[in-house]
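No hydrogens, no waters, no symmetry mates; every other heavy atom, side chains included, goes into these values. Convention: sequence-line order gives letters A, B, ...; per-chain numbering from 1.
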2 protein chains.
Amino acid sequence: MILLDYRDKRPLYEQVVEKLEHLIVCGALKPDSKMPSVRALAMELSINPNTIQRAYALLEQSGFLYTIVGRGNFVAPEESWQSGKQLALKEELAEAFEHALSAGMDKESIIAILDSVRQKMKKEAANDSDT
Amino acid sequence: MILLDYRDKRPLYEQVVEKLEHLIVCGALKPDSKMPSVRALAMELSINPNTIQRAYALLEQSGFLYTIVGRGNFVAPEESWQSGKQLALKEELAEAFEHALSAGMDKESIIAILDSVRQKMKKEAANDSDT
DNA sequence: TGAAGTGTATTAAGAGAATTAATACACTTA
DNA sequence: TAAGTGTATTAATTCTCTTAATACACTTCA
């Protein structure tokens with residue numbers, strides 16, 4: 001199903017997450033289809049089941065899988081991943097806001113930056129439609 | 001001059017950076033005034049001089065201090081730090097905004113998140129003053 | 001009902017990075 | 001030249017992260 005790269009310095013579970021996420025987004029793994037069991041995939045890759053468990057847990061957290069205890073893990077419907085991305089975006093925003101506010105920046109200044117980004121993106125969209 | 005918190009799980013040099021940065025931004029340490037020597041501050045805090053050295057190096061990198069070898073470290077003029085810090089914050093915000101907007105999030109949703117972060121920080125500030 | 005398959009929780013071992021310390025060097029000033 | 005300053009190098013230590021070992025709990029189905 002996937003192949004690990006031991007020259008890659010990143011942790012194994014991260015590689016597993018990345019590759020499975022890719023397979024799901026590309027449609028190679030269809031929504032509601034059953035994933036290999038934690039133990040089966042661990043066996044196939046010759047690694048510990050907990051490592052797969054961790055990868056599956058992360059994929060579930062970001063909405064790519066859903067779990068039925070005792071039955072297995074399944075690919076989530078497309079709507080789930082998109083809401084997961086929304087969550088990630090919110091966290092990114094919250095982090096930036098926290099930094100800005102604790103540095104003393106006020107709400108108006110932050111909104112001014114937001115508006116400037118919106119205008120910049122509008123212009124770029126207009127230019128794109130020209131080409 | 002500053003006080004370390006050994007219950008704080010962050011590294012010592014990070015605490016030193018944070019507290020000195022705060023003293024500079026608040027005006028408690030005036031531009032061009034001499035900072036305590038690496039050894040003196042280390043002695044005062046009962047930690048290794050290299051830890052202070054590391055903190056000073058980071059503060060110099062972000063424009064809060066300047067160094068004259070053999071003479072000491074000095075507080076940088078306001079222009080040096082304000083520009084660098086503000087710029088970094090603006091870039092972080094702009095990046096997050098760009099991601100959010102291109103994913104289809106609208107202005108109102110973004111401002112709602114900003115408000116929730118502001119409220120959260122107010123609460124935390126209130127709790128800190130209790131202890 | 002019980003065995004086999006599934007996910008889950010807990011704990012510990014191992015590796016690696018990050019932090020801190022020890023020490024020696026180099027520059028400036030008086 | 002001595003005392004005070006920052007700097008560089010290396011080593012010891014601490015800590016976090018990753019992975020593994022193991023036991024537990026739930027579902028299904030023969």
* **Criterion side chain to side chain contact (heavy atoms under 4.5 Å, CB included) against B:F64, the qualifying member of B:V75, B:L29, B:N73, B:V25** => B:V25
* Length of the OH-C1' vector between A:Y56 and C:dT6, whole Å -> 12 Å
* Structure fact -> Between CD1 of B:I52 and P of D:dG4 the distance, given in whole Å, is 18 Å
* Between C:dT6 (C1') and A:Y66 (OH): distance, integer Å -> 15 Å
* Asked: How are the rings of B:F97 and A:F97 set relative to one another: parallel (under 30°), tilted (30 to 60°) or perpendicular (over 60°)?
  -> tilted
* Upstream residue (5' side of DNA chain D) when A:S46 and B:T67 are each assigned their closest nucleotide -> B:T67
* Asked: According to a strict under-4.0 Å criterion, is A:N73 in side-chain N/O contact with OP1 or OP2 of C:dT6?
  -> no
* Salt bridge present between B:R10 and B:D5 (N-O < 4.0 angstrom) -> no
* ring-ring contact (aromatic ring centres under 6.0 Å, His included) partners for A:Y56, two or more places apart -> none
* Can you tell which of D:dT27, D:dG6, C:dT20 lies closest to the side chain of A:R71? -> D:dT27
* Asked: Are any of B:T51's side-chain N or O atoms less than 4.0 Å away from OP1 or OP2 of C:dT19?
  -> no
* To do: Quick one: closest heavy-atom pair of A:A103 and B:K85, and the distance?
  => CB-CE, 4.5 Å
* **A:S102 side chain vs A:E98 backbone, donor-acceptor pair below 3.5 Å** => yes
Polar atoms only, N or O, under 3.5 Å: list the protein pairs with nucleotides 9-12 of chain C and their distances.
{"unit_1": "C:dA9", "atom_1": "N6", "unit_2": "A:N50", "atom_2": "OD1", "d": "3.1"}

* Asked: Do A:M105 and B:I110 belong to the same hydrophobic cluster, where Ile, Leu, Val, Met, Phe, Trp and Tyr are linked whenever their side-chain heavy atoms lie under 4.5 Å apart, directly or via other members?
  -> yes
* Structure fact -> From CG of B:L45 across to P of C:dT19 the rounded distance in Å is 18 Å
* Asked: Over how many whole Å does the gap from B:F74 atom CZ to D:dT5 atom P extend?
  -> 10 Å
* Looking at B:A42 and B:N48, what are the two nearest heavy atoms and their distance? -> CB-C, 3.9 Å
* Structure fact -> When rounded to whole Å, the CG to P distance for the pair A:L41 and D:dA20 reads 13 Å
* **Whole-Å gap separating C1' (C:dT23) and CG (B:N48)** => 10 Å
* Structure fact -> Residues B:R118 and A:L101: closest non-hydrogen pair is CG-CD1, 3.4 Å
* Structure fact -> Of the candidates D:dT7, C:dA21, D:dA20, the side chain of B:I47 sits closest to C:dA21
Set out, line by line, the N/O atom pairs under 3.5 Å between protein and nucleotides 12-18 of chain D.
{"unit_1": "D:dT18", "atom_1": "OP1", "unit_2": "A:Y13", "atom_2": "OH", "d": "3.0"}
{"unit_1": "D:dT18", "atom_1": "OP2", "unit_2": "A:Y13", "atom_2": "OH", "d": "3.0"}
{"unit_1": "D:dT18", "atom_1": "OP2", "unit_2": "A:R54", "atom_2": "NH2", "d": "2.9"}

* Specify the separation, in whole Å, of atom CG of B:L59 and atom P of D:dT7. => 13 Å
